[in-house]
Amino acid sequence: MYTLKEVPVGTTVKVVKLHGAGATKRRIMDMGITKGIELYVRKVAPLGDPVQISVRGYELSVRKADAQMIEVE
């Protein structure tokens with residue numbers, strides 16, 4: 001298993017687990033990123049922050065710190 005931060009551009013992955021607690025985990029879930037959902041990594045900024053993904057039919061930019069909390073397969 002690895003995190004969303006480590007996924008190469010152009011890859012579709014499935015969310016296995018969300019790490020973190022409290023408001024941060026809740027914010028990630030409110031963005032539509034929940035266990036079992038598929039994410040497509042569209043772009044990564046030159047310095048790795050943010051990561052642009054497609055989730056549930058829309059585009060979303062996720063900070064590197066938040067991407068590390070999303071475990072994928």
Side-chain angles (χ1 to χ4, degrees):
M1 299 293 167
Y2 48 101
T3 66
L4 181 61
K5 180 181 168 253
E6 301 162 353
V7 176
V9 174
T11 306
T12 300
V13 293
K14 187 175 180 180
V15 176
V16 176
K17 185 177 181 181
L18 296 175
H19 296 280
T24 306
K25 184 175 181 179
R26 185 74 216 163
R27 184 169 36 88
I28 292 171
M29 292 174 70
D30 288 344
M31 290 188 280
I33 302 171
T34 55
K35 183 178 177 181
I37 197 74
E38 287 191 350
L39 307 174
Y40 175 72
V41 180
R42 299 189 67 79
K43 297 180 195 171
V44 178
L47 297 177
D49 196 16
V51 176
Q52 184 179 9
I53 59 174
S54 293
V55 57
R56 297 182 189 260
Y58 65 94
E59 304 299 313
L60 179 66
S61 292
V62 181
R63 292 183 293 190
K64 187 167 37 174
D66 293 342
Q68 285 182 303
M69 294 182 200
I70 303 167
E71 188 176 319
V72 295
E73 65 177 1

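Residues satisfying the salt bridge (charged side-chain N to carboxylate O under 4.0 Å, His left out) criterion with Glu38, sequence neighbours excluded, are absent altogether.
Atom CZ of Arg27 has more than 12 neighbouring heavy atoms from other residues, nucleotides or ligands inside a 6.0 Å radius.
In terms of heavy-atom proximity, Lys25 sits nearest to Gly20 at CD-O, 3.7 Å. Scanning all heavy atoms of the two residues, the minimum distance from Val15 to Val72 falls at CA-CG1, 4.2 Å. Of all non-hydrogen atoms in Met1 and Val16, the two that sit nearest each other are SD-CG2, 3.9 Å.
In this structure, the side chains of Leu18 and Ile70 come closer than 4.5 Å at one or more pairs of heavy atoms. In this structure, Lys64 and Val51 have side chains that are not in contact, with every pair of non-hydrogen atoms separated by 4.5 Å or more. Looking at heavy atoms from C-beta onward, Ile53 lies in side-chain contact with Ile33 at the 4.5 angstrom threshold.
Here the straight-line distance linking atom CG of Asp49 with atom NZ of Lys5 works out to 9.5 Å at 0.5 Å rounding. Rounding to the nearest 0.5 angstrom, the gap separating the NE2 atom in His19 from the CD1 atom in Ile28 is 10.5 Å. Here the straight-line distance linking atom CE of Met69 with atom OG1 of Thr24 works out to 5.0 Å at 0.5 Å rounding.
Between the side chains of Thr3 and Glu71, no donor-acceptor pair is found at a separation under 3.5 Å.
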Quiz item: Please walk me through it: do Val41 and Leu39 pass side chain to side chain contact (heavy atoms under 4.5 Å, CB included)?
Solution: CA-CA 6 Å; Val41 180; Leu39 307 174; 5.8 Å; no
Quiz item: Given the rule in the side chain to side chain contact (heavy atoms under 4.5 Å, CB included) test, do Thr34 and Arg56 qualify, once you have shown the distances and angles that lead to the verdict?
Solution: CA-CA 10 Å; Thr34 55; Arg56 297 182 189 260; 2.8 Å; yes
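Criterion: ILVMFWY side-chain heavy atoms under 4.5 Å apart, direct or through other members. Under it, Val44 and Tyr40 are not part of a common hydrophobic cluster.
Residue pairs that meet the side-chain hydrogen bond (donor to acceptor under 3.5 Å, both in side chains) test with at least one member in residues 8-18, sequence neighbours left out, do not exist here.
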